Protein chains: 2
Amino acid sequence: MPSLSTAQMRVPVVTASAVEEFARGGFHGTTVADVARAARISPAYVFKLFPSKERLFVAALDDCFRQIVETLGVAADGAAGGPPDGILDAMGGAYAELIADRSLLMLQVHAQSVADIPEVGQALRAGLATVVRLAKTRSGASDEAVQRFVAVGQLCHLIVTSGIEDVPDEWASILTAGIRHP
Amino acid sequence: MPSLSTAQMRVPVVTASAVEEFARGGFHGTTVADVARAARISPAYVFKLFPSKERLFVAALDDCFRQIVETLGVAADGAAGGPPDGILDAMGGAYAELIADRSLLMLQVHAQSVADIPEVGQALRAGLATVVRLAKTRSGASDEAVQRFVAVGQLCHLIVTSGIEDVPDEWASILTAGIRHP
DNA sequence: CATGTGAGTGACTGTACAGTCACTGCGCGG
DNA sequence: CCGCGCAGTGACTGTACAGTCACTCACATG
């Protein structure tokens, strides 16, 4: 065993496992035992670190948006000084790269699916608000461009979840045209 | 009791109940008993009409896309002869009206969430293919316009699922600008 | 060594759900 | 009037899961 760990140090590890596992199975399709196994601890201890399955899911979702915001911020820094649409484009590229492993993307989709759980809906709106505000203020682009930015992101989610990335048909290529998927 | 009914006549009724119930709770959050109750039959009989919960869900999803395609087709008929973007616009308006009750919208989101179930992913792709092909051939619009049409639809799903329709903040109005929600 | 504290768990409970099966009642042809 | 087939169900099974609780163990301090 590499090093000691207090409960506070365990929390981020468990949260990371929760992101991974909930991304795989969604809220109802993932058990607390799944997360516990991925984090190499007992299910009982998960409930010592998080008061309920809902709160665990929310922690995962918060972490998901935290990563996204951080990545978008770095991309905005890199393109700062350029034209607004260039900055948005850089952010879009960074986002595409970030969600290449599908976890952060799937977690968002699963969150939409259980957004009627109040705490989840709240966390979803909070994350979305941060992203939209970030895109707007850091790029300085028009409202329409920011809206399009988010819409394309959602299209991206659809492409990945429905697995049409490698469908060779005409209709599929209409949807995937110009969308980055590394 | 109004009229007699054979098993074949029950199927569409149960399917309609399945749309409603699965739209409410998603695949894992809805029990077969929920659907049975909504359809006023016993859970056991649902399994006589559908071989498994998965197949029941797929039947609901197919019905969802059937309604969408039908609605979009009628809208395209109504706007036929006009400019391509006008036809797409008419289809968009009809879609917005159709999903006003949220059932068909939520069911699609839930389907994305469990698209890793092979039968569900398949049904999702099939429905999507039909919609895209319909939008393209009936409107005659450019590939980019059709892609934008779908992207806006997905943005619409995000707006509804995350419940930002009546969030008064700046960021929310950026996302909802110009989107029809009756 | 005695003892206190917090990390971590095994074992349990109550509940809920997918799917099954033997059964009932009814309409209809003979 | 009889019996056959089909609509429809009650009751059951096995399993799985969220959450709890009493417990152990490692360590630190006096």
Side-chain angles (χ1 to χ4, degrees), chain A residues 1-61 110-111 113-114 116-120, chain B residues 1-61 110-111 113-114 116-120:
Chain A
M1 293 304 107
S3 72
L4 274 187
S5 62
T6 78
Q8 280 305 328
M9 302 197 113
R10 286 273 191 190
V11 168
V13 175
V14 176
T15 303
S17 298
V19 169
E20 208 81 14
E21 292 300 309
F22 279 128
R24 181 191 313 277
F27 180 76
H28 292 293
T30 302
T31 73
V32 174
D34 290 335
V35 176
R37 193 177 318 114
R40 313 272 202 174
I41 62 177
S42 70
Y45 195 43
V46 175
F47 285 104
K48 287 242 166 118
L49 301 177
F50 297 88
S52 68
K53 190 186 180 186
E54 283 80 3
R55 291 293 200 82
L56 177 60
F57 185 84
V58 167
L61 187 59
H110 290 314
S113 174
V114 290
D116 56 315
I117 298 174
E119 302 161 277
V120 174
Chain B
M1 296 305 109
S3 73
L4 274 186
S5 62
T6 78
Q8 280 305 327
M9 304 197 112
R10 286 274 191 189
V11 168
V13 176
V14 176
T15 304
S17 298
V19 169
E20 207 81 13
E21 293 300 309
F22 280 128
R24 181 191 314 277
F27 181 76
H28 291 293
T30 303
T31 72
V32 174
D34 290 335
V35 176
R37 195 177 318 116
R40 311 272 202 175
I41 62 177
S42 70
Y45 194 44
V46 173
F47 285 103
K48 287 243 166 117
L49 301 176
F50 298 88
S52 69
K53 190 186 180 185
E54 283 81 3
R55 291 294 200 82
L56 176 59
F57 185 84
V58 167
L61 188 58
H110 291 313
S113 173
V114 290
D116 56 316
I117 300 174
E119 301 162 277
V120 174

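Since the structure is predicted, the reported quantities are computational estimates derived from the model, not experimental observations. In what follows, every chain begins at residue 1, and chains take the letters A, B, ... in the order their sequences are listed.
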- Should A:Val14 and A:Tyr45 count as side-chain neighbours, where that means a heavy-atom distance under 4.5 Å? no

- NA contact type, B:Ser42, heavy-atom cut-off 4.0 Å: base, sugar-phosphate, or nothing? base

- Quiz item: B:Lys48 side-chain donor-acceptor pair to D:dG8 base, under 3.5 Å: yes

- Query: Whole-Å distance between D:dT9 C1' and B:Arg10 CZ?
  - Reply: 12 Å

- Query: Does the side chain of B:Phe47 reach to within under 4.5 Å of the side chain of B:Leu56, using non-hydrogen atoms?
  - Reply: no

- Mapping B:Gln8 and A:Phe27 onto DNA chain D by nearest heavy atom, which one lands closer to the 5' end? B:Gln8

- Of A:Thr30 and B:Pro43, whose nearest nucleotide on DNA chain D comes first from the 5' end? B:Pro43

- Rounded to whole Å, NZ of A:Lys53 lies from C1' of D:dA18 at a distance of 8 Å

- B:Phe47 CZ to D:dT13 C1', in whole Å, measures 14 Å

- Query: Whole-Å distance between D:dC17 P and A:Phe57 CZ?
  - Reply: 17 Å

- Note on the structure: A:His28 NE2 to D:dA16 P, in whole Å, measures 19 Å

- Can you see which heavy atom on B:Glu21 is nearest to which on B:Thr30, and at what distance? O-OG1, 3.2 Å

- Query: When you measure from the side chain of A:Ala44, which nucleotide among C:dA7, D:dT9, D:dC21 comes out closest?
  - Reply: D:dC21

- What orientation do A:Phe27 and A:Phe22 show, parallel under 30°, tilted 30 to 60°, or perpendicular over 60°? parallel

- Query: Does A:Arg40 put a side-chain nitrogen or oxygen below 4.0 Å from OP1 or OP2 of C:dG8?
  - Reply: no

- Task: Round to the nearest Å and state the distance from B:Leu49 atom CG to D:dG8 atom P.
- Result: 8 Å

